[in-house]
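Below is one structure, written out as structure tokens, with a few remarks after it.
By convention here, the first residue in the shown sequence is residue 1. One-based numbering, in listed order, for ligands and for the atoms of each. Predicted model only: the values in this text are computed from it and were never measured.
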Amino acid sequence: MVKMRIIETNEGIQDELTVESFDIFAREMRDKGWNGVSEMITSGIMGGDILELGPGPGYVGLELTKKISVTSLTGCEISPAMLSIAQKNASEYNFPAQYVLGSCMEMPFENESFDTVISNGSLHEWENPLEAFQEIHRVLRHGGRFCITDLRRDVNPLKKALVYYVTRPKEMRRGLLTSLNAAYTVSEIIELLRHSDLRNAIVTRNFFGLCIAGEK
Ligand SMILES: C[S@@+](CC[C@H](N)C(=O)[O-])C[C@H]1O[C@@H](n2cnc3c(N)ncnc32)[C@H](O)[C@@H]1O
């Protein structure tokens, strides 16, 4: 039986030291190709004006700018400390990304502003994912695509142990476990989507997580 969800936080990662460790961790994930980028491309996202939800240090969207045709990249992030690290990383990538302080449950954007909405590793932190799904639908243009990747709570314990021991820096390991406990299962997400306007989304299971993809 799958354990009950244990909610993690509604404030994102705020503390500056933790943010610096998370930056190192996210860089490793990028270098290993474990940050959802290839799944996002496989899911059919086209680029154009991209909105990234919970970009953290920003590597997911920034990597996409190297692989698909991106007109603009905007990040919506709840943590001011993450915003400044993402801005610094965007200048390393030499891409004029814009990071905005805000919550994905109340996005500070006009209706139909984006061609693509993406997010990796953030969904399990959203206080009300249904509200976020509605917001994704609102800010997407018609025909626009979304792809949300995240951890999965019902991941096999062996895989969990494997990924735990390869997680670096070590101080990120505890956070990996709390994030896994807060993550959703595929069936929970399918049930949530049934109540949203993203009804046609396809939810798939992968090695360590899940992927929600579709078109408006
Ligand atoms: C585990 S990190 C993942 C960061 C990045 N997407 C990656 O894959 O490396 C989750 C991020 O989501 C942000 N976050 C959490 N809740 C949020 C919300 N309601 N709105 C926007 N960002 C949020 C956190 O501050 C944090 O930066």
Side-chain angles (χ1 to χ4, degrees), residues 7-40 45 50-65 73-90 92-93 97-109 114 116-136 138-139 146-153 163 167-169 171-184 206 208-212:
I7 294 168
E8 199 177 24
T9 164
N10 295 324
E11 292 168 357
I13 299 172
Q14 301 280 1
D15 175 69
E16 264 179 42
L17 266 182
T18 319
V19 166
E20 275 168 28
S21 299
F22 192 87
D23 184 49
I24 299 169
F25 165 75
R27 238 172 232 258
E28 283 235 355
M29 292 291 117
R30 173 197 66 186
D31 297 343
K32 289 188 167 108
W34 289 0
N35 62 0
V37 168
S38 52
E39 276 171 290
M40 289 172 187
I45 60 160
I50 295 195
L51 170 64
E52 180 171 11
L53 302 174
Y59 297 117
V60 176
L62 291 169
E63 279 295 296
L64 282 172
T65 66
L73 173 62
T74 305
C76 174
E77 172 55 63
I78 207 170
S79 155
M82 281 293 191
L83 280 184
S84 42
I85 256 183
Q87 207 68 68
K88 180 174 89 46
N89 290 334
E92 262 180 40
Y93 274 72
Q98 204 203 353
Y99 295 99
V100 178
L101 189 63
S103 169
C104 56
M105 278 144 325
E106 204 178 336
M107 298 181 199
F109 309 111
F114 300 98
T116 304
V117 178
I118 54 156
S119 180
N120 177 64
S122 186
L123 163 69
H124 65 272
E125 294 183 19
W126 302 348
E127 190 180 355
N128 187 336
L130 185 53
E131 272 176 27
F133 294 159
Q134 295 305 78
E135 281 290 86
I136 291 172
R138 181 182 70 76
V139 301
F146 55 92
C147 184
I148 303 160
T149 52
D150 198 10
L151 301 167
R152 176 164 57 80
R153 190 169 82 255
V163 174
T167 294
R168 283 192 189 79
E171 57 264 37
M172 285 291 108
R173 290 180 184 171
R174 208 178 72 81
L176 173 75
L177 295 184
T178 57
S179 296
L180 275 166
N181 289 337
Y184 294 89
N206 56 35
F208 207 64
L210 52 81
C211 175
I212 311 167

Whether [X] lies under 4.0 Å from ligand 1, heavy atom:
| X | value |
| --- | --- |
| V60 | yes |
| F25 | no |
| S179 | no |

Have a look at ligand 1 and work out which part of [X], if any, has a heavy atom under 4.0 Å from it: side chain, backbone, both or neither.
| X | result |
| --- | --- |
| Y59 | neither |
| M29 | neither |
| A26 | side chain |

key: Check: M29 main-chain N/O paired with N35 side-chain donor or acceptor under 3.5 Å   = no
Heavy-atom proximity to atom 4 (C) of ligand 1, best of P80, G54, G121 = G54
inquiry  = For atom 14 (N) of ligand 1, tell me which residue out of A132, C104, S122 has the closest non-hydrogen atom.
reply    = S122
message = Does ligand 1 come near enough to N120 that some N or O of the ligand is less than 3.5 Å from an N or O of the residue?
response =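 The answer is yes, given that N120 and ligand 1 share an N or O pair closer than 3.5 Å.
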task = Sequence neighbours left out, what passes side chain to side chain contact (heavy atoms under 4.5 Å, CB included) with Q87? Give chain and number order.
result = Y99
query = Which residues pass the salt bridge (charged side-chain N to carboxylate O under 4.0 Å, His left out) test with E131, sequence neighbours left out?
reply =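 Salt bridge (charged side-chain N to carboxylate O under 4.0 Å, His left out) list for E131, sorted by chain: empty.
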